[in-house]
Amino acid sequence: MNLKGGIKMQTILSLFSSAIQEQLTKLPKQNFELMEEIRIRMNRPIEVTAMGNIVYLPYIIRESDCEQIINKISQNSFYMLDEELRRGYITISGGHRIGLAGKVILEDGKVKGIRHISSFNIRIAKEQIGIAERWIPYLYHSEWKHTMIVGPPQTGKTTLLRDIARIISSGYKPLSIHPLKVGIVDERSEIAGCVNGVPQLTFGLRIDVLDGCPKAEGMMMMIRSMSPDVLVVDEIGRKEDTEAILEAVNAGIRLVMTTHGESYDDLLKRPTLRPILEQKVFDRFFILSRNKGPGTIVGIKDKDGKEMVRKVSVTS
Amino acid sequence: MKIIGACFILLTTTYLGFEAARMLSERTRQLRLLKSALQSLEAEIMYGHAPLHEASRRIAKQIDKPVGMIFETFADKLVIQLTSAKEAWEESLTEVWKQTALKKGELEILLQFGETLGKHDLIQQQKHIQLALTHLDREEMEAKERQVVYGKIYKNFGFLAGLLVVILLI
């Protein structure tokens with residue numbers, strides 16, 4: 001892996017105590033570079049997932065190891081994490097996300113935060129720059145098409161969405177497409193991987209991100225204040241999202257978004273999405289599946305649900 | 001010749017007396033500084049949402065030495081070291097302590113306060129700062145009383161002790 005990968009790993013390694021670092025660097029080089037997840041659980045061995053394979057490292061995590069991680073991500077200031085602990089995850093520089101579990105504290109029946117954190121799930125941000133480039137002919141036809149990416153969890157929807165956002169915001173020279181203003185509403189800090197509001201992953205120049213903002217509200221905020229040409233949103237599906245989408249379309253804004261689902265027919269069954277489909281808001285549907293690895297596009301449909309391409313292709 | 005010697009003795013003892021009195025007032029001054037430092041820390045944490053090293057760095061700029069020094073060393077240690085905030089705090093206290101006019105009571109309060117640093121959520125952290133402040137208030141009261149009672153005595157005592165020695169020697 002290139003130098004960039006080297007730097008990336010360093011930011012992750014520096015989270016851990018020296019004992020864990022030592023274990024991780026002992027991994028075979030290939031596993032190390034393809035790491036997807038590192039799971040740290042108190043009194044249990046380290047678990048590393050790479051390319052779907054699970055490896056356990058022979059080191060039992062102690063309390064001091066967990067404390068070290070917390071100290072590191074909070075910069076020795078636990079009180080800084082109030083908001084993150086309420087959501088249950090933290091995004092660190094490099095766009096990596098750390099999921100947390102432990103004792104949950106309630107206040108008035110609502111989750112106030114997590115104390116005594118005993119499990120960490122470090123999801124390593126995987127950028128696949130360029131995976132969307134071959135699909136540009138379907139996405140762009142004298143203008144960007146309203147696009148919906150459909151697929152079950154872990155099929156690479158967000159990765160594809162991110163690359164589309166990158167291409168739109170930086171333009172595409174070969175087809176002389178100019179860069180457009182892209183507004184990302186990133187409720188779970190997954191698209192842009194923001195730290196203190198600054199995107200950590202690769203995008204073009206014309207990018208604005210509302211980090212950690214509820215989708216429906218965020219879309220309206222973007223439309224009102226940032227005048228985006230294209231709105232990028234992850235995992236729509238609630239009722240209020242639908243209203244915001246219709247609002248955005250009427251404001252002349254292009255939409256690129258993802259949603260959970262197995263197929264186009266699945267979407268028709270969902271009452272919250274039906275109004276959008278019936279109004280034929282979206283011009284393109286990308287259907288993803290995990291059959292041949294994440295990022296497999298099994299079909300592209302147009303606004304009437306008619307097949308445009310049906311070929312199985314692995315993009316990653 | 002005798003008179004010059006006598007003058008020297010008088011000057012020295014008087015100076016010592018004044019110095020002892022100054023230490024008393026210096027302690028109250030530093031306690032006051034320490035309290036305002038902790039109050040700033042509270043504000044930085046509660047309203048500024050600043051991490052400890054940033055907050056300490058800012059406080060170090062606002063507060064005079066040697067109290068400011070404690071926070072400066074603390075910030076440096078936090079950035080460099082892999083240890084916890086508690087250890088960094090303890091180490092900076094022991095390093096700077098000799099330069100201060102503060103006493104053991106304050107040290108205990110600060111060490112206890114260090115145990116809680118960076119380990120709690122906002123509300124808890126604020127409570128711990130408030131607790132340390134209350135303890136320091138008590139110390140300050142006591143320091144002020146001492147200053148009032150002993151300050152003058154020390155000054156007079158220095159001169160008078162010198163005078164006694166001079167008389168004895170003559």
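As a basis for the values below, the full set of heavy atoms in this structure was taken, side chains included, without hydrogen atoms, waters or symmetry mates. Source: prediction; values computed, not measured. Reminder, nothing fancy here: chain letters follow the sequence lines and each chain counts from 1.
Within residues 111-138 of chain B, the residues that have a heavy atom under 4.5 Å from a heavy atom of chain A are B:G118, B:K119, B:H120, B:D121, B:L122, B:Q125, listed by number.
By the neighbour-count criterion of 12 heavy atoms within 6.0 Å, atom CZ of A:R166 is densely surrounded, having more than that number from other residues, nucleotides or ligands.
For the pair B:K103 and B:E142, the salt-bridge criterion is not met [side-chain N within less than 4.0 Å of a carboxylate O]. Ionic pairing of B:D76 and B:R57 is present here: one or more N-O contacts between side-chain nitrogen and carboxylate oxygen are shorter than 4.0 angstrom.
Here the shortest heavy-atom pairing between A:M219 and A:V185 reads N-CG2, 3.8 Å.
The closest side-chain donor-acceptor pair between A:Q128 and A:T159, if any, does not fall under 3.5 angstrom.
Heavy atoms closer than 4.5 Å to chain A are found nowhere in B:A55, neither backbone nor side chain.
The shortest distance between side-chain heavy atoms of A:E67 and B:S84 does not fall below 4.5 Å.
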